[in-house]
Structures are given as structure tokens and as C-alpha cells.
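One structure is given here, and the rest of the page talks about it.
As the structure lists them, so they are numbered: ligands from 1, and atoms in each ligand from 1. Residues: numbered from 1 along the sequence shown.
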Amino acid sequence: MGGGVAGLFFANLYGDDLEVIEKNDQAGRKLLATGNGRCNFTNLNLTLDKFHSSGKDFYKFALEKYDNHDLINFLNDLGILTTSLPSGRCYPQTLSAKTIRDILYLNAKGEFIFENEVRDIDFKNHLVITDKAKIHFENLVIATGGITLPGSGSDGKIFDILRHFHKVTRLSYGITNYKCQNPLSKKAKGVRVTAMARLFVDGKFIEASTDDVIFQNYGLTGTAILDLSNYISYALLDKKEVWVSLDLLEAYPEEKLIEIIKKLGRENLNKTIEEILMGFLNEKLIIDILNRVKLKGKTMASSLTDGEIKNLIRTIKDLRFKITAINDEENAQVTIGGIDTNFVDSETFESKIIPNLYFIGEVLDVDGACGGYNIQWAYSSAKACAMGLLAKHREEINVKNK
Ligand SMILES: Cc1cc2nc3c(=O)[nH]c(=O)nc-3n(C[C@H](O)[C@H](O)[C@H](O)COP(=O)(O)OP(=O)(O)OC[C@H]3O[C@@H](n4cnc5c(N)ncnc54)[C@H](O)[C@@H]3O)c2cc1C
């Protein structure tokens, strides 16, 4: 069930004796939107701490056995050349997600049954019931994705069916942007800076990321925020207090900046603090920063007290935003939550509740960070499941032959 990314990997790795039921008229629709259309399919810096799941270390076996190099080799063997950025993010050489989608579909085994939406599953009679047909199964692999980008097919309706026979954990949205209680003013809208973003939950430091931050009317977005996103979404789900602090001048220690401002004030008696800061910050941010420390832009830099300068620099290096809610659910990149992995075998991906039932990809309660980790998960889980099923068939044949 599901001809998305995980379903396509599975259909390449398993064998001909397979039917893929997909509600869209094509496979891998969401895949086309990944990595801004370029498909960031894995990361050279793959580590287990980039993942989260309800079952402790549930993802360990599959990600270690079928890791990023295994995925790169698999794509290369299909004839897809790959490339990577200094950040470790990997892409097809064509920088087009369509390359990966089309070649995965071209090489997929089995039969794709398009425009069939699964509406129910009859486990007693081994039937998948779609809006158009009843399809018999021996083993059923569910790869129906999560709740993000519903227009791509994964609208989450399937969880209403899955809930009847499996535990589904709380569902929310990760790798997305956030509303703040105290966003910057309209003047700063769209300004992109490179900053260190530090996340604090209930006052405790959690994680930091240095990358792009973009100021919006609603709050914050940009790669650094997406990097922290899954932690933020979990904290919001738990109704915790969430703050992001931005260091807009990470390369400069506080004392050094204080010294520089004092020196510039002394040497430029006719310059305002607003004019001095023009060499420090994007000019569209200056008024907001000065407002936060209750300084007027026209104040002469030379007239600032030591306390005022210290306060100003601290604000530039610790610009705080209280995060109140997820801003964009529909365009979030990953689902937080899904099938509770405590009830799924981490090596074969078979349900511990219903035999011959398997789950792979984003439908499981496993989320990876921004940077290619979720497609990697789709691959690793699909491969572990395919290898497990093939081994099971070999065993069945051996038993029959004895
Ligand atoms: C905008 C965007 C950008 C992203 N960029 C990246 C990136 O660069 N790198 C990365 O690693 N991850 C990225 N992701 C995340 C990644 O796309 C997903 O984690 C991945 O697609 C999950 O694969 P999946 O096969 O489990 O689910 P999907 O790819 O969502 O596939 C599920 C399939 O099941 C079908 N389906 C659902 N319900 C039914 C039903 N009832 N009957 C029949 N069929 C059904 C759907 O139509 C869909 O085709 C991005 C996500 C988004 C939204």
C-alpha cells in the first residue's frame, strides 16, 4: 500500500511477485517536491542522533545495516550519478528529483495499481479494499506515508483505518517554520542572515545550529530553524516553553564587540548608533534591535554608557524569540508520530500484533532531521523489510522441499 518513496524503494528491492496500490495516477509524487525539487536523498554525516522514534533505538538496525553508502551504491547501480555538498547533503548529479523518481519507477518490479485509494483492510480474508477493487494479499506492506503535503497523497486519512488494529502515536509536523510571540517588525520581513540559533526548552539548552535564519511577519524560518524543528515540535506538543536565541555575530566574542563599538564611538563623534551598526548588521534589522534595548537610532554612539553598549551587544548575540506554534503544517517536511514502533519488529518491520503485516517509511513513528535523513529512512526501512520478507520466503520454500 503506497507507491511513494518507500514503496518505490521496496518495489526495486523485493521482486516481481508484488502489487503496489497507489491512490495517485503516478508513483513518488512527494519525491518530486523534495529538496526544493532537487531531492536531498541522504547525508554523508549520517548518525543515529538525527532520528527520533517511540521505540528506543528502533531505527538502529536498519540504518546501520543499510546506511547512506548502501543507498548511494544502490542509486549508482541503477545508473543514477550522485553528488554532495560540503554540508554532506547528497543529491542526484542532475539536481532533479524527477531523475530519481523516474529511474526508480522504471526499474521497479511488480505491478503498480494506480488511482486506487485504500479504504479498508480485511485481515480475516486477506483483502485490501480500495474504492474500486478488493485485492488479495499474502503479506501486506504499508507504505502510505504521514500527514505532510497532503496534496501529494499522504493526507493522513489512512491513520483512521490503521488505528483500528495498531497504536498510532500523537501526530504533528516537523521540519517546518514557527510563529513567535515577539517576531521582528514588518521592516525585517524576508531578511535572511547567517546566525547561530540555540534552542531552549523550559529554560534548558537543547541544540544549536548555525545556518540561514529568515525573519517573517509570523516568526522564524530558514535552514537553522528547520534543523531545530523536530525538537521544537515535540516541545510544543508537550506544552513546554520554547525559546530560540539567535547569535547574529557568532564569529565575534561579546567583549571584542563592546570594544569595537566604544572605539568607533570615540573616533566618530558625529555618528549615530544606527549609522555605526550599519557595518555590523543588515540595516533592516537595526531598528528592531535598538527597539529591544530601548535605544533611539539617532542617539550619538559616543554618548552611550557602558551598560547600554553591553546590553546592545548582548541582544545582538542573544536575540530571543518565544515560539508559540507551528506556522505551516501543510508544507512541513516530515510527520512527527505514526505507527508506534514498540509494536513493530525493528529488523523485519513486521507487526508484533498482526502476522504478515509490515510497515515502512514515514507511516512509522520515526522522524529524521532536515538534510536527507527521511528519504534515507524510507530506503533503510524498505530494504530491511524486503530482505526480511525474501528470507522468509526462502525459509518457506526450504520447509516445503523437506
Ligand atoms: C516539501 C517536502 C520536501 C522534502 N524534502 C526532503 C528532502 O530533501 N530529503 C529528505 O530526506 N526528505 C524530504 N522530505 C520528506 C520525504 O519526502 C518523506 O519522508 C518521504 O517521502 C516518505 O516516504 P513514504 O514513502 O513513507 O511516504 P510518501 O512519499 O508520502 O508516500 C506515500 C504514498 O502512499 C500513498 N497513499 C497514502 N494513502 C493511501 C491510500 N489510502 N491508498 C493508496 N495510496 C495511499 C500516497 O499517495 C503516497 O504516494 C520532504 C517532504 C516534503 C513534504
Side-chain angles (χ1 to χ4, degrees), residues 1-11 19-43 46 50-51 68 71 85 87-92 95 97 100-101 104-105 112-121 128-133 135 140-162 173-177 223 226 229-230 328-336 338-339 349 359-382 385:
M1 278 166 53
V5 187
L8 275 168
F9 282 134
F10 187 86
E19 284 169 322
V20 182
I21 308 168
E22 168 57 52
K23 69 195 247 193
N24 289 328
D25 61 359
Q26 57 179 291
R29 195 146 155 195
K30 185 182 278 182
L31 184 53
L32 296 177
T34 59
N36 283 328
R38 299 186 306 170
C39 187
N40 171 206
F41 65 84
T42 191
N43 200 300
L46 179 75
K50 300 286 185 202
F51 295 85
N68 45 0
L71 173 51
L85 293 181
S87 61
R89 290 170 191 239
C90 298
Y91 298 88
L95 295 182
I100 296 206
R101 197 283 298 263
L104 282 180
Y105 182 58
F112 279 69
I113 304 172
F114 289 118
E115 295 180 304
N116 268 255
E117 182 174 1
V118 176
R119 295 274 170 87
D120 207 352
I121 304 164
V128 168
I129 298 155
T130 76
D131 51 346
K132 299 201 178 91
I135 300 163
L140 178 62
V141 180
I142 300 190
T144 44
I147 57 173
T148 63
L149 206 68
S152 71
S154 51
D155 56 11
K157 278 194 220 154
I158 197 76
F159 285 112
D160 296 335
I161 301 169
L162 303 184
Y173 303 86
I175 316 187
T176 185
N177 41 48
T223 307
L226 298 187
S229 177
N230 292 1
D328 192 356
E329 296 188 336
E330 289 218 339
N331 292 304
Q333 292 186 24
V334 74
T335 306
I336 298 286
I339 295 291
F349 290 78
F359 298 98
I360 57 172
E362 202 176 310
V363 71
L364 286 160
D365 178 7
V366 174
D367 55 84
C370 187
Y373 299 102
N374 289 297
I375 293 178
Q376 176 68 51
W377 172 246
Y379 172 78
S380 301
S381 56
C385 180

Exercise. Does the ring centre of Phe112 sit less than 6.0 Å away from the ring centre of Tyr105?
Worked result: yes
Problem set entry | Donor-acceptor side-chain pairing of Thr130 and Asn116 below 3.5 angstrom | yes
Exercise. Can a non-hydrogen atom of Thr335 be found less than 4.0 Å from any atom of ligand 1?
Worked result: no
Problem set entry | Flag for Asp328-Asn177: side-chain donor and acceptor within less than 3.5 Å | no
Exercise. To which protein heavy atom is atom 13 (C) of ligand 1 closest, and what is the distance rounded to 0.1 Å?
Worked result: Thr34 CG2, 3.9 Å
Problem set entry | Nearest non-hydrogen partners of Ile175 and Ser229, listed with the distance | N-OG, 2.8 Å
Exercise. Closest non-hydrogen protein atom to atom 25 (O) of ligand 1, residue and atom name please, with distance?
Worked result: Ala6 N, 2.7 Å
For this session: Please work out whether any backbone atom (N, CA, C, O) or any side-chain heavy atom from C-beta onward of Ile158 is under 4.0 Å from ligand 1, and answer side chain, backbone, both or neither.
Result: side chain
For this session: Specify side chain, backbone, both or neither for Val118, according to which of its non-hydrogen atoms lie closer than 4.0 Å to ligand 1.
Result: both
For this session: Using a 4.0 Å heavy-atom threshold (strictly under), name the region of Tyr373 that reaches ligand 1: side chain, backbone, both or neither.
Result: backbone
Seminar exercise, completed: the protein heavy atom lying closest to atom 5 (N) of ligand 1 turns out to be Gly35 N, 3.1 Å
Problem set entry | Nearest-option assignment for atom 53 (C) of ligand 1, heavy atoms, candidates Gly37, Ser152, Ala332, Gly145 | Ala332
Seminar exercise, completed: Checking heavy atoms under 4.0 Å, the part of Lys23 that sits near ligand 1 is both
Exercise. Considering only heavy atoms, which of Glu362, Gln376, Gln333 lies nearest to atom 52 (C) of ligand 1?
Worked result: Gln333
Problem set entry | Taking every non-hydrogen atom, the tightest pair across Phe51 and Gly368 | CD2-CA, 3.8 Å
Problem set entry | Any donor-acceptor N or O pair under 3.5 Å, side chains Glu22, Asn24 | yes
Exercise. Would you call the rings of Trp377 and Phe349 parallel, tilted or perpendicular, where under 30° means parallel and over 60° means perpendicular?
Worked result: tilted
Exercise. Should Met1 be listed as contacting ligand 1, given a heavy-atom distance under 4.0 Å as the test?
Worked result: no
